[in-house]
Amino acid sequence: MTATTKLVSIQTKRSVREPVGVFFMIAFAPLFAIAMGLIFGNDPQPEFDGRGYLDANLVSFAAIIIAIVSMIVIPVDIVTQRETGALRRFRATPLQPAAYIASDVVVRFVLSLLSVAAMLAVGTLIFGANLEGNIVNVLLAAALGILAFLAVGYALSAIMPTAGVAQLAGNVLVFPLIFLSGGPVPLAVLPDGVRDFAQYSPLTQLVELLQALWSGEAWHENWVPIVVLVALLGVATAVAARLFRWE
Amino acid sequence: MPDAIRCSNVTKHYGDIRAVDDVSFEVHDGEIFGMIGPNGAGKTTLMECIEGLRTRDTGTVEVFGMDPEREVRQVRERTGVQLQSAALPHRMKVGETLDLFAAFYQNPADWRQLLSRLGLDGKADSYVEKLSGGQRQRVFIALALINNPGLVFLDELTTGLDPQSRLAIWDVVRDIRDGGTTVFLTTHFMEEAENLCDRVAIVDHGKIVALDTVANLIASIDAESRITFTVDGTPPVDRLKEVSGVTRVENASGRVVVHGTGNRFQQDVMSVLSDIDLNVRDMRSEQPSLEDVFLALTGREMREGQPT
């Protein structure tokens, strides 16, 4: 096996062994779907135009979890590894930095996508959430969202000086984004100014893209969120690549 | 003998501070070479310039004839590194960690053999963070040896270890040298340098202030040795003062301290004591140590403590 495949295997094992990692990277999303399903069910509701709670909200919660994992859990993990000198130990070997980062990205991406897929499976199969669009499209949109927010997470990791600051900054950034995303609080109930402002949030755009594809809209009807997410991916990747530090 | 490391006029600044100040020296193939000095003397910075982990400002560094800043991969292939602030990501097992690091190199060692050589049999399935300090340090030594290096860097290897683990690690280091690998280590424990190193460089304020074998360094400062004992009765102070090499005799209610220099001084004092018809008790002999060398060269004590 090459160094990269061994790194992928060991990073996967590490993530699965870490209780916090298992919870946030894999189990949190499906457990969240179960909790929402048990609390709200999926009976038709007038405020969702006759759709059920999960029909209307399942994918927005997937987007929120993507943001929490990418902007809090991952930066804290990476900064902790940098602070303890673990990344430095890799630097003292012939391993190429790109190989290390590639393996790290692959593992975190796959775990996040699996977690979202499990969440959608729980929502549809157990609680009968009604997918009107194509599941492949929804998962592709989720994959784009994960990549864009992972890149933001790497950029944050490069900027944050300590794990404590990363935790704090992650929370300060993520919770307003969640509030403005249209997920837990419908945008319709917010004042006009706030609603307009919310359109600038990439998380709002991801929620809208996922909801649109979930309810069967086509890709080309949603080019705005796609452009926003691709731009975010490009900018955040550039920042992360420029500022990434081993120590 | 060829040299594993050759440094000429190496300088490294941090802002206005000269962490490494125009340092030149060689490390011979097959020796245990130690750098000692107080915390902040520049030992780690110099070592990391040689490892290629830091960029020197000026000067040349050759590791097996290669520049560690230019021929990065080749130098990394042939050297092993144990970092002062060594750490690994959490939740990694000993065996899989070694297996992973082995995959980074072209000619890795058999990591199972390495584990048993380092006394870590049966630890392959333990998490690295669950090991004792001494065991964890052996894992980091194993990582430094995973590529069968010709030269291994050990930075503050035994700091934070209990005395028993420290002794065990010394055996490991001698074993590495006896296996043909050159060892370049830093320590701020004088005792470690005295027991372990074939040659020692004393570093202070970014400069090497002395470099030689421990015996030569101690001989070079011409320091006094001391013999201390207790006698029942009147000590033969006048006869002791006449012994060649004796510089001073102190006598405080039967506890006698004889100061002197030279190779034969202790032996001659002994023969005076065996001539007299008195009981001599609690005899101790104190030799000058590297600590005295440091004091003589820098005018300061080198306090042993934890690195910052």
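Naming: A, B, ... by sequence-line order, numbering from 1 per chain. These values consider heavy atoms only, across backbone and side chains, with no hydrogens, waters or symmetry-generated copies.
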Distance col, row A:R88:CZ vs B:L88:CG, nearest 0.5 angstrom, shows 13.5 Å
NZ (A:K13) and NZ (B:K93) are apart, to the nearest 0.5 Å, by 7.5 Å
Minimum heavy-atom separation for [X] and [Y], please, with both atom names.
X: A:I10; Y: B:M92; answer: CD1-CE, 3.8 Å
X: A:A3; Y: B:L100; answer: O-CD1, 4.3 Å
X: A:P94; Y: B:E77; answer: CG-OE2, 3.8 Å

Region of [X] that comes under 4.5 Å of a non-hydrogen atom in chain A:
X: B:Y127; answer: side chain
X: B:V81; answer: both
X: B:L53; answer: both
X: B:L143; answer: both

Main chain of B:P89, side chain of A:R89: is a donor-acceptor contact present, judged purely on distance under 3.5 Å?
no
Greatest number of non-hydrogen atom pairs under 4.5 angstrom with chain A, of B:Y105, B:F104, B:F101, falls to B:F104
In terms of heavy-atom pairs under 4.5 Å with chain A, the winner among B:Q74, B:Q82, B:Q106, B:E48 is B:E48
Tell me, yes or no, whether the heavy-atom count around A:L31 atom CG, taken from other residues, nucleotides or ligands under 6.0 Å, exceeds 12.
-> yes
Would B:E96 and A:R14 satisfy salt bridge (Lys or Arg N to Asp or Glu O under 4.0 Å), going step by step from the backbone distance to the final call?
CA-CA 11 Å; B:E96 64 194 19; A:R14 259 182 20 81; over 6 Å; no
Under 4.5 Å to a heavy atom of chain B? For A:L7 that would be both
If you tally heavy-atom pairs under 4.5 Å between each of A:T4, A:T93, A:T80, A:L95 and chain B, the highest tally belongs to A:T93
